[in-house]
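Numbers restart at 1 for each chain; the letters A, B, ... are given by sequence-line order, proteins then strands. Computation of the quantities below employed the complete heavy-atom set of this structure, encompassing side-chain atoms and omitting hydrogens, waters and symmetry-equivalent molecules.
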Amino acid sequence: MLEMNQLKPHLASFYQLPTLELAKRLLGSILIKETAEGTAAGLIVETEAYMGTIDQAAHSFNHKRTNRTEIMFGPPGYAYTYQMHTHCLFNVVSGPVEQPEAVLIRAVEPVFNTPLIEERRSKIKKVVDRTNGPGKLTKALGITMGDYGHELTSAPLLIAKGLNDQPEISTGPRIGIPNAGEATNYPWRFWITGNAYVSKMR
DNA sequence: GTCGAGATCCTC
DNA sequence: AGGATCTCGACG
């Protein structure tokens, strides 16, 4: 079993990587959330890059700056959470100040405190279906809108370096953005090749 | 397994 | 009013 003290949080400098590079480097990293119920963690297995001003699918397209997107205009390495229907989605802010980019975390594989994850997701029968989507993993790990703006280098919400080598990565178009014009087909979705927890396309 | 609809809430 | 989604129930 994975022990928390084995893990080294990514430093603030890690998040200065170009967004498309960061989206790939986050694969195999470990997303950790501490709550009153306990600490749970998942291996990041799927990400999507949102490229700010030039990306019609991004909330910050055309420099759209609102209360919601404000955090994307700041320095990288902070949590951008937002509400999607009945769910909270979690992004890692990327890109330098005034360059509003982010990486959406789409799926994780449970690696620590799986009993807590199972308890939070007990209604879902198949184990993989508990964390294989952006709204599912936030519920499984206990990430909420209260995490908006938190810096990801420390508790209660942080990302640590993975224990294994950089995994083999597959690439394809992003999911769920049919009305983004040209950007709909940009290959800015990344996942660990063959991983069972990658979200399903419908 | 695949499909369609409703949930339900924050943001603009 | 609309959405970077999820779940359940109805098929077959």
Side-chain angles (χ1 to χ4, degrees), chain A residues 19-20 22-24 26-27 31 33 40 42 44-74 76 78-95 99-110 117-150 152 157 159 170-192 196-202:
Chain A
T19 296
L20 292 173
L22 182 66
K24 289 182 262 190
L26 282 170
L27 295 174
L31 177 60
K33 176 67 199 274
I44 298 173
V45 302
E46 182 182 6
T47 60
E48 279 179 2
Y50 285 85
M51 299 297 284
T53 60
I54 62 162
D55 178 4
Q56 211 174 136
H59 295 152
S60 52
F61 176 59
N62 209 16
H63 266 86
K64 187 176 181 186
R65 190 165 188 158
T66 64
N67 282 340
R68 181 174 71 157
T69 63
E70 184 61 31
I71 194 69
M72 296 176 76
F73 288 79
Y78 288 75
Y80 170 41
T81 50
Y82 90 98
Q83 191 79 22
M84 177 55 171
H85 291 266
T86 54
H87 308 280
C88 172
L89 273 60
F90 169 68
N91 298 250
V92 176
V93 172
S94 59
Q99 197 168 306
E101 300 174 353
V103 177
L104 171 68
I105 308 303
R106 283 198 60 89
V108 304
E109 174 179 340
I117 291 174
E118 284 166 19
E119 182 187 326
R120 285 169 170 154
R121 302 285 292 146
S122 57
K123 282 184 184 172
I124 308 302
K125 290 171 189 159
K126 279 190 70 182
V127 172
V128 292
D129 290 335
R130 293 171 175 166
T131 58
N132 65 351
K136 299 178 184 180
L137 72 93
T138 54
K139 201 166 188 192
L141 296 180
I143 296 171
T144 68
M145 289 301 293
D147 291 307
Y148 182 95
H150 177 75
L152 299 169
L157 177 60
I159 301 176
S170 297
T171 300
R174 295 172 293 179
I175 293 178
I177 49 163
N179 302 316
E182 291 268 316
T184 298
N185 300 311
Y186 293 170
W188 288 346
R189 172 174 172 250
F190 308 97
W191 65 94
I192 295 179
Y197 291 83
V198 173
S199 70
K200 304 204 167 52
M201 266 186 285
R202 194 135 105 187

Step by step, would you call A:Y197 with A:I192 a side-chain contact (heavy atoms from CB on, under 4.5 Å)?
-> CA-CA 9 Å; A:Y197 291 83; A:I192 295 179; over 6 Å; no

Under the side-chain contact (heavy atoms from CB on, under 4.5 Å) rule, what do A:R65 and A:E70 come out as? Steps first, then yes or no, please.
-> CA-CA 6 Å; A:R65 190 165 188 158; A:E70 184 61 31; 2.8 Å; yes

Nearest-Å distance for atom pair CD1/P, residues A:I177 and C:dG2 | 19 Å

For B:dT8, what is the paired nucleotide under Watson-Crick or G-U wobble rules, both distances under 3.5 Å?
-> none

Quick one: is C:dA4 close enough that its OP1 or OP2 comes under 4.0 Å of any side-chain N or O from A:R189?
-> no

Paired with B:dT2 by Watson-Crick or G-U wobble geometry, both distances under 3.5 Å: which nucleotide is it?
-> C:dA10

Given the rule in the side-chain contact (heavy atoms from CB on, under 4.5 Å) test, do A:L157 and A:L31 qualify, once you have shown the distances and angles that lead to the verdict?
-> CA-CA 8 Å; A:L157 177 60; A:L31 177 60; 3.9 Å; yes

When you get a sec, tell me which of B:dT8, C:dA4, C:dT7 is the closest nucleotide to the side chain of A:I124?
-> C:dT7

Between C:dA4, B:dA7, C:dT7, which nucleotide has the shortest distance from any of its atoms to the side chain of A:R121?
-> C:dT7

Roughly, in whole Å, what's the span from NE2 in A:H85 to P in C:dA1?
-> 15 Å

Interatomic distance, A:R68 CZ vs C:dA1 C1' [rounded to whole Å] = 13 Å

Remember a base hit wins even if backbone is also touched, and classify A:N67 as base, sugar-phosphate or nothing at under 4.0 Å, heavy atoms.
-> sugar-phosphate

Interatomic distance where CD belongs to A:Q83 and C1' belongs to C:dC6 [whole Å] | 12 Å

Rounded distance in Å - CG (A:D129) to P (B:dG1) | 10 Å

Could you tell me the separation between the NZ atom of A:K139 and the C1' atom of C:dT7, rounded to a whole number of Å?
-> 10 Å

To the nearest Å, how far apart are A:K123 NZ and B:dA7 P?
-> 15 Å

Respond yes when some side-chain nitrogen or oxygen of A:H59 is under 4.0 Å from OP1 or OP2 of C:dA4, and no when none is.
-> yes

Step through the shown structure and confirm whether more than 12 heavy atoms of other residues, nucleotides or ligands are within 6.0 Å of NZ on A:K125.
-> no

Return the 5'-most residue of the pair A:M145, A:H87 with respect to DNA chain B, ranking by each residue's nearest nucleotide.
-> A:H87

For A:I175 and A:K136, take the nucleotide of DNA chain C holding the closest heavy atom to each; which residue's nucleotide lies nearer the 5' end?
-> A:I175

Stacking check A:Y82 vs C:dA4 (5.5 Å / 30 deg) = no

Side chains of A:T53 and A:S60: closer than 4.5 Å at any heavy-atom pair?
-> no

Take the protein atom CG of A:D55 and the nucleotide atom C1' of C:dA4, then report the distance between them rounded to whole Å.
-> 10 Å

When we call it a touch if two heavy atoms are under 4.0 Å apart, what does A:R174 touch: a base, just sugar-phosphate, or nothing?
-> nothing

